[in-house]
Amino acid sequence: GEEGPPSLEYIKAKDLFPQKELVKEDESLQVPFPVLQGEGVEYLGHADEAIIAISNYRLHIKFKDSVINTYPAVDNEISVPLRLIESVESREMFQLHIICKDSKVVRCHFATFKQCQEWVKRLNWAIAHPSRLEDLFALAYHAWCLGASADDEDQHVHLCRPGDHVRHRMEMEVRRMGFDTQNVWRVSDINCNYKYVCRVPPLAPVVENAVSVCSHDAAQTMDVM
């Protein structure tokens, strides 16, 4: 007799994490940053002299002519992982006020009160505690990385490396806390490849000037033993 359709269908891991349809406030808008594997932009719109976007991983604001509430020598773009955001609220009717868990504050202004409230609602929904484990971006990222080409892998490894602004923020925080970096302390990049501690940012250790790489290796050996 005639053969029927196959009873099994091959499903890729990334098919379990489909991306949502993008909601644009203006069809001419383009996503202003390269996305990661498994990352999908869900909202894209205009702010006051800026483009604002929310993906399943981050809030991204690209300012047109000025840098608002960011550090010197940093590009006029702010990109904040959603899980780093502590709270979101509207201030002075037109200002989106975002407080991050690392004490950073991001502000973005809108032309109308209605528009500001809409983005407050969108962002509060995006940072809400996920109701399902599958809603965590880390799982989507892993699934989309499976089977990716070598070129894609190299590109996304580059995107995941901390930029110069990360080092700049770290150095500013060290100065704020009063470390004497001229004589006693220094910011170590010994963990730049996550060799010693995989859960600590690569520029996090503040160590005494006298501590050498050999001392780090000895400490690591002691931890293993």
Q | Arg83: partners by side chain to side chain contact (heavy atoms under 4.5 Å, CB included), with sequence neighbours left out | A |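 Only Pro130 meet the side chain to side chain contact (heavy atoms under 4.5 Å, CB included) criterion with Arg83.
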Taking [X] for the side chain and [Y] for the main chain, is one N or O donor matched with an acceptor at less than 3.5 Å?
{"X": "Glu39", "Y": "Tyr141", "result": "no"}
{"X": "Glu25", "Y": "His46", "result": "yes"}
{"X": "Trp144", "Y": "Phe17", "result": "yes"}
{"X": "Asn56", "Y": "Gln19", "result": "no"}

Close side-chain approach of [X] and [Y], heavy atoms under 4.5 Å:
{"X": "Val80", "Y": "Ile98", "result": "no"}
{"X": "Val35", "Y": "Tyr57", "result": "no"}
{"X": "Val174", "Y": "Trp185", "result": "no"}

**Q.** With sequence neighbours excluded, residues passing salt bridge (charged side-chain N to carboxylate O under 4.0 Å, His left out) with Glu86
**A.** none
Q: Given salt bridge (Lys or Arg N to Asp or Glu O under 4.0 Å), test Asp15 with Lys12 step by step and report yes or no.
A: CA-CA 5 Å; Asp15 295 336; Lys12 296 181 180 179; over 6 Å; no
Should the heavy atoms of other residues, nucleotides or ligands under 6.0 Å from [atom1] of [X] be counted, would the total exceed 12?
{"X": "Tyr43", "atom1": "OH", "answer": "yes"}
{"X": "Lys121", "atom1": "NZ", "answer": "no"}
{"X": "Lys24", "atom1": "NZ", "answer": "yes"}

Between [X] and [Y], which heavy-atom pair has the shortest distance, and what is it?
{"X": "Arg122", "Y": "Val23", "result": "NH2-CG1, 4.2 Å"}
{"X": "Phe110", "Y": "Leu96", "result": "CE1-CB, 3.7 Å"}
{"X": "Leu82", "Y": "Ile127", "result": "O-CG2, 3.7 Å"}
{"X": "Leu22", "Y": "Val41", "result": "CD1-O, 3.4 Å"}
{"X": "Trp125", "Y": "Glu42", "result": "CZ3-OE1, 3.7 Å"}
{"X": "Gly45", "Y": "Leu29", "result": "CA-CD1, 3.6 Å"}

Nearest 0.5 angstrom please: [X] [atom1] to [Y] [atom2], how far?
{"X": "Ile51", "Y": "Glu77", "atom1": "CD1", "atom2": "CD", "value": "9.0 Å"}
{"X": "Ile78", "Y": "Phe63", "atom1": "CD1", "atom2": "CZ", "value": "4.5 Å"}
{"X": "Ser55", "Y": "Leu36", "atom1": "OG", "atom2": "CG", "value": "8.0 Å"}
{"X": "Leu84", "Y": "Arg58", "atom1": "CG", "atom2": "CZ", "value": "12.5 Å"}
{"X": "Gln95", "Y": "Asp48", "atom1": "CD", "atom2": "CG", "value": "11.0 Å"}
{"X": "Leu146", "Y": "Lys14", "atom1": "CG", "atom2": "NZ", "value": "10.5 Å"}

Q | Hydrophobic cluster identity match, Leu123 and Val106, side-chain contacts under 4.5 Å | A | yes
Q | Connected via hydrophobic side-chain network under 4.5 Å: Phe33 and Leu44 | A | yes
